[in-house]
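This structure is a prediction, so every number in the text was calculated from the model and none was measured. Lettering follows sequence order; numbering is per chain, from 1. Atoms considered below: every heavy atom in the structure, side chains included; atoms not considered: hydrogens, waters and symmetry mates.
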Amino acid sequence: MSLVLYDTLSREKRPFEPRDEGKASLYVCGPTVQSDAHIGHGRAAVVFDLLRRYLAASGYEVTFVQNVTDIDDKIIMRARRERVDPAVIATRYTRAWNRTMDALGVLPPDIQPLATGHLLEMQALIGELLEQDKAYEADGDVFFRVRAFEGYGKLSRRQVDEMQQGDDIVDADRKEDPLDFAMWKSAKPGEPAWPSPWGPGRPGWHIECSAMAAKHLGGGFDVHGGGLDLVFPHHENEIAQHEAAHGAPFVRTWVHNGMVQMGDAKMSKSVGNVVSLEEAIHQWGPGPLRLWYLSAQHRTPLIFDTDRLRDATTTHQRFTTFLRSAARVVDIADGDLEADPVQRHVAAFRAGMDDDLNAPAAVAALHELVTAGNETLPLAEKGDADAAATLAGFAAALRHLGDDVLGLALEASLADAAGVEQQLGVLVEQLLDQRAAARADRDFATADAIRDQLAAAGVVVEDRPEGARWYAATPEER
RNA sequence: GGCGGGGUAGCCAAGUGGUAAGGCAGGGGACUGCAAAUCCCCCAUCACGGGUUCGAUUCCCGUCCCCGCCUCCA
């Protein structure tokens, strides 16, 4: 494998060369747990889940860290509104986040550090920066001195001297420079606070990621991810804090995903035009939803459009239909991905993924693989051993690439349907016997009525030369 | 204003200095009692204007348009 990733810092595609041979260390900015996840969060989650799965499938030992910001202004405000402790809010939405990620088929992080669990690490980093005079204290707040870090602006390509500041500079009275940002905020009355050398307070947002990433992955880890909207100021500040303190590179490769947009506008909590991730999963299913996310390269914008979700659903069905057909004639577990006609498509898939996770190209390879697989189906059904072996290879490849790498939950959908088939089997067989009799009498009105009834119940009937065959629709088809 | 990303068939979307993957929709065909599923065929000259080149959609310049960031944000 020769994966290349587009690195935001250097603005170029660069070969993925991990710090530690055979291992991959990833840190992805997680949620601020103050409300439910929306489909924009889902995209970021799927993009980095994809990276992680692909690295794992390629043989890397992956350590995936995703933090939870469980203390910040919005959590406090929400807690006030509901008259509960901020920790109640944080706990509630952390659980909701994890539940929703599970439903989306996103593998759980190996480490999910909480900001409130790393106050000491953050304070140590702040202390180091103070010692080096790259930060200063002001009335219990500690600010990072932006101009003390010569690399400031390198990620977002901004010139410090040309940065415009809005009219509403926070803490303008205490900052030496409007560009400086808070690493520690002194507690205001009624706010949650932790003791610190600078008095009771809480951490700023950016400091947690600098501290937690370094703690769990060490300096110079492989990939730091997040949404493009985090490039500035969040990631810029993370770099500044780490590199100013340690004088060594923070991250090897920066990967950012593009935004989900609603029509022409970006979707975000502050605009209020959000689509709940949980509802989207419920409505379309995790597989189709992921296929929609994967329908565009991860850095380009993706417009929310139910027609495109329908396309994704169609694709998902095409894939599950092929697996179901193949499973009827061969044991997919016997399939050899390296077999001649199969390998070509697997290679095309990997070539796409290797090129900066070009998911649209990878999915296209899967489409071509399925077409080739469907072509072998009739021969395999007739008992042709070569065709059967090839068919098993195609199916095994789709199962592996589709489920293990892309996380499409194809097998899960089929398993769901299989459960229904078990429950309905006796009943359906009886109806099909009646239908067969009707067809023998050329009473097609009755035969079609039975088929329609079954269809309404989620049972699909296919007439084959050797007789009728049926299956339960997958959740996505219902 | 600064920084960045884009304009490819009805729609979505890859991609390449040598006449453009894949999907959806649409049309035609095979199969079927009819369907379903599946297969086959058809369906673009790549925003516009220059330039470089034997040759550009792909490189350069300009124009127009869209979007994101510059404040919390995946």
Touch class at under 4.0 angstrom, heavy-atom based, for [X] against every strand present:
X: A/R157; answer: sugar-phosphate
X: A/L230; answer: sugar-phosphate
X: A/R328; answer: nothing

- Can you list the residues that meet the ring pair (Phe, Tyr, Trp, His ring centres under 6.0 Å) rule with A/F250, with sequence neighbours excluded?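 Per chain and number, A/F250 pairs via ring pair (Phe, Tyr, Trp, His ring centres under 6.0 Å) with A/F221, A/H224, A/H242.
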
- Query: In chain order, what residues pass the salt bridge (charged side-chain N to carboxylate O under 4.0 Å, His left out) check against A/D49, with sequence neighbours excluded?
  - Reply: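 Once residues adjacent in sequence are excluded, the partners of A/D49 under the salt bridge (charged side-chain N to carboxylate O under 4.0 Å, His left out) criterion are A/R53, A/R290.
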
- Task: Output all residues satisfying salt bridge (charged side-chain N to carboxylate O under 4.0 Å, His left out) with A/E368, sequence neighbours left out; order by chain, then residue number.
- Result: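 Applying salt bridge (charged side-chain N to carboxylate O under 4.0 Å, His left out) to A/E368 gives none.
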
Out of [options], whichever nucleotide has its closest atom nearest the side chain of [X]:
X: A/P233; options: B/G33, B/A74, B/C72; result: B/C72
X: A/A44; options: B/C24, B/G33, B/A74; result: B/A74
X: A/A364; options: B/G22, B/A74, B/C72; result: B/G22
X: A/Y6; options: B/A74, B/G5, B/C69; result: B/G5

Using the [atom1] atom as the reference point in each nucleotide, state the distance between [N] and [M] in Å, no decimals.
N: B/G22; M: B/C42; atom1: P; value: 11 Å
N: B/G27; M: B/G62; atom1: P; value: 46 Å
N: B/A56; M: B/U45; atom1: C1'; value: 11 Å
N: B/A21; M: B/C40; atom1: P; value: 16 Å
N: B/A9; M: B/A20; atom1: C1'; value: 11 Å
N: B/C61; M: B/C66; atom1: P; value: 22 Å
N: B/G18; M: B/G33; atom1: P; value: 50 Å
N: B/C11; M: B/C46; atom1: P; value: 15 Å

- Message: Contact between A/L391 and A/F322 at the side-chain level, heavy atoms closer than 4.5 Å - yes or no?
- Response: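 Touching, per the 4.5 Å side-chain cut-off.
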
- Query: Taking side chain as C-beta onward, heavy atoms only, is A/L26 less than 4.5 Å from A/V65?
  - Reply: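 With C-beta onward as the side chain, the pair stays apart.
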
- Message: At under 4.0 Å between heavy atoms, how does the protein contact nucleotides 36-43 of chain B? Give one character per nucleotide, 5' to 3', with B, S or -.
- Response: BSSSS---

Using both distances under 3.5 Å as the test, list the Watson-Crick or G-U wobble partner of [N], or none.
N: B/G68; value: B/C3
N: B/A9; value: none
N: B/G49; value: B/C61

Are [X] and [Y] close enough for a salt bridge, meaning some N to O gap below 4.0 Å?
X: A/R92; Y: A/E82; result: yes
X: A/R99; Y: A/D102; result: no
X: A/R145; Y: A/E150; result: no

Protein and nucleotides 12-16 of chain B: nitrogen or oxygen contacts under 3.5 angstrom:
residue: B/A14; atom: OP1; partner: A/Q297; partner atom: N; Å: 2.8
residue: B/A14; atom: O3'; partner: A/N358; partner atom: ND2; Å: 2.7
residue: B/G15; atom: OP1; partner: A/N358; partner atom: ND2; Å: 2.9

For the pair made of [atom1] in [X] and [atom2] in [N], what is the distance, rounded to whole Å?
X: A/L228; N: B/C70; atom1: CG; atom2: C1'; answer: 13 Å
X: A/N237; N: B/C70; atom1: CG; atom2: P; answer: 12 Å
X: A/F232; N: B/G68; atom1: CZ; atom2: C1'; answer: 15 Å

- Query: Distance-only, no hydrogens or angles: does the A/D7 side chain make a donor-acceptor pair with backbone N or O of A/W254 under 3.5 Å?
  - Reply: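 Looks like yes, one N/O pair under 3.5 Å.
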
- Would you say A/H41 reaches B/A74's phosphate, i.e. side-chain N/O to OP1/OP2 under 4.0 Å?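 For A/H41, the contact criterion (side-chain N or O under 4.0 Å from OP1 or OP2 of B/A74) is met.
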
- Query: What about A/R439: does its side chain form a donor-acceptor pair under 3.5 Å with the base of B/G33?
  - Reply: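 Under the 3.5 Å cut-off, the side chain and the base do form a donor-acceptor pair.
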
- Item | base_contact_polar (B/G33 base, A/D448 side chain, donor-acceptor, <3.5 Å) |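 Result: at least one qualifying N/O pair found.
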
Would you list the atom pairs, donor with acceptor, under 3.5 Å between side chains in residues 450-463 of chain A and any protein atom, with sequence neighbours excluded?
residue: A/D463; atom: OD1; partner: A/R435; partner atom: NH1; Å: 2.9
residue: A/D463; atom: OD1; partner: A/R439; partner atom: NH1; Å: 3.0
residue: A/D463; atom: OD2; partner: A/R435; partner atom: NH2; Å: 2.8

- Pairwise 5' ranking along RNA chain B for A/R442 and A/D72, keeping only the more 5' one: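 Closer to the 5' end of RNA chain B: A/R442.
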
- Taking the nucleotide of RNA chain B with the closest heavy atom to each, which residue, A/G258 or A/T315, is nearer the 5' end?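 In this pair, the answer is A/T315.
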
- Message: Under the side chain to side chain donor-acceptor pair (under 3.5 Å) test against A/D141, which residue among A/K175, A/R174, A/K185 passes?
- Response: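 When A/K175, A/R174, A/K185 are each tested with A/D141, the side chain to side chain donor-acceptor pair (under 3.5 Å) holds only for A/R174.
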
